[in-house]
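Everything below concerns the one structure shown next.
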Amino acid sequence: MRRPAPLRPALARTAPFLSAVATTALLLTACGTEHAGARNTGAGAAEGPSATQVDDPGKDGVRITSLTLPTASPSPSSTHSYSVSADSLATDSGVSAGYEVTNGSTETLTYSVVFTFMSGDGGAVTNQTSTVRDVGPGKTVRGTVRAGELPPAAPRVTQAKVLEVTKVPASEAPAAPGTCPASGIRVSADEGDAAMGLRVVGLHLDNCGTRDYTVEGYPMLELLDNELKPVDGVEILDGSGEITTGAGPDKQPRPITLTPGESATAGLVWRNTTEFGTPVNVPYVRVRAKAGAAPVTVNPNLDLGTTGKLGVRPWEKAER
């Protein structure tokens, strides 16, 4: 049975969130020009003896304002400084970049920004992703992103730039790691898998609240472009059988009740086949776990080619 056409939002963007060596989550409430944390610096502010201003045009309202480099390359016997990353307490290389995020839109946005630290020849040494939350319309938020620990044989970092910016309405942003929304339900997308033109991205539904939560069938999806406007001309299919049989059979949709602490998964399946016509790319997908659920906008970057089809696998309870 075909699903209803995707809902059309009255107003519409990790994060892929995006793959990086480490992730720094900055929880902000933008009011005027703010700093992303007590240790963050503004444009041109120095954190160390070799901090320099950077004239960076930036991308999508995000630009690097300063670059701090260690005065000398650390040796195995050097005393290192430490900083807390999103994953763990890690030895810090001393390399960091100051940045600012300016929201030129009319709604509050949450940004996911990939920064790349580069060597003198322009080669990437490491990428870092920062999540900057709740930047109000017309507001600017400043912060610092650190390169983190680098391998001993890594080239010396001499420059940095903004590699990629994604942004979603703050009210629809995936919950920060370790937090639980007021709804008690956390929705996210993984980094996906790609092989021979077949793409699969998992959707994850976690009951982080205190009550049971029941879903049945398929997540409800809206496909959105870079401006968070609906993408037309793509057929959303119940199940992945029309896309491929190589990813395994779909389970039959059925009611699933998640007790607190339990999770469910669904999946987006498509082929990046390009023949005649204009390829379609869908950077954002607005996901509702079921009818009436609060929307969450994720960034799976669906490169649908010219197929015009997206298969959706039903919710199924995840194994513990």
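Values in this document were obtained by computation on a predicted structure and should not be read as measured data. The chain is numbered in sequence order, starting from 1.
- With salt bridges taken as basic N to acidic carboxylate O contacts below 4.0 Å, one links Asp250 and Arg313.
- Checking side-chain atoms of Glu172 against main-chain N and O of Pro295 turns up no donor-acceptor pair under 3.5 Å.
- In summary, the side chains of Thr307 and Thr273 do not present any donor paired with an acceptor at a separation below 3.5 Å, with no hydrogens or angles considered.
- Checking side-chain atoms of Gln159 against main-chain N and O of Ser119 turns up a donor-acceptor pair under 3.5 Å.
- No side-chain heavy atom of Arg199 sits under 4.5 Å from any side-chain heavy atom of Val201.
- Side chain to side chain, Asp212 and Thr259 fail the donor-acceptor criterion of an N or O pair below 3.5 Å.
- Applying the salt bridge (charged side-chain N to carboxylate O under 4.0 Å, His left out) test to Lys251 and every residue at least two apart in sequence or in another chain returns Glu316.
- Of all non-hydrogen atoms in Ser105 and Pro137, the two that sit nearest each other are O-CB, 3.4 Å.
- Thr140 and Thr102 share a donor-acceptor pair across their side chains, judged by distance under 3.5 Å alone.
- Every residue meeting the salt bridge (charged side-chain N to carboxylate O under 4.0 Å, His left out) condition with Lys317, not counting sequence neighbours, appears here in chain and number order: Glu262.
- A donor-acceptor contact under 3.5 angstrom links the side chains of Ser263 and Asp206, judged on distance only.
- Taking the ring centre of Phe117 as origin, the terminal cationic atom of Lys161 falls outside the region bounded by 6.0 Å and 45° from the ring axis.
- Separating the CD atom in Glu222 from the CZ atom in Arg286 is a distance of 5.0 Å, to the nearest 0.5 Å.
- Minimum interatomic distance between Thr126 and Leu150 (heavy atoms only, all atoms of both residues): CG2-CD2, 3.7 Å.
- Residue Pro300 comes nearest to Val285 through the heavy atom pair CG-CG2, 3.7 Å, listed as atom of the first residue, atom of the second, then distance.
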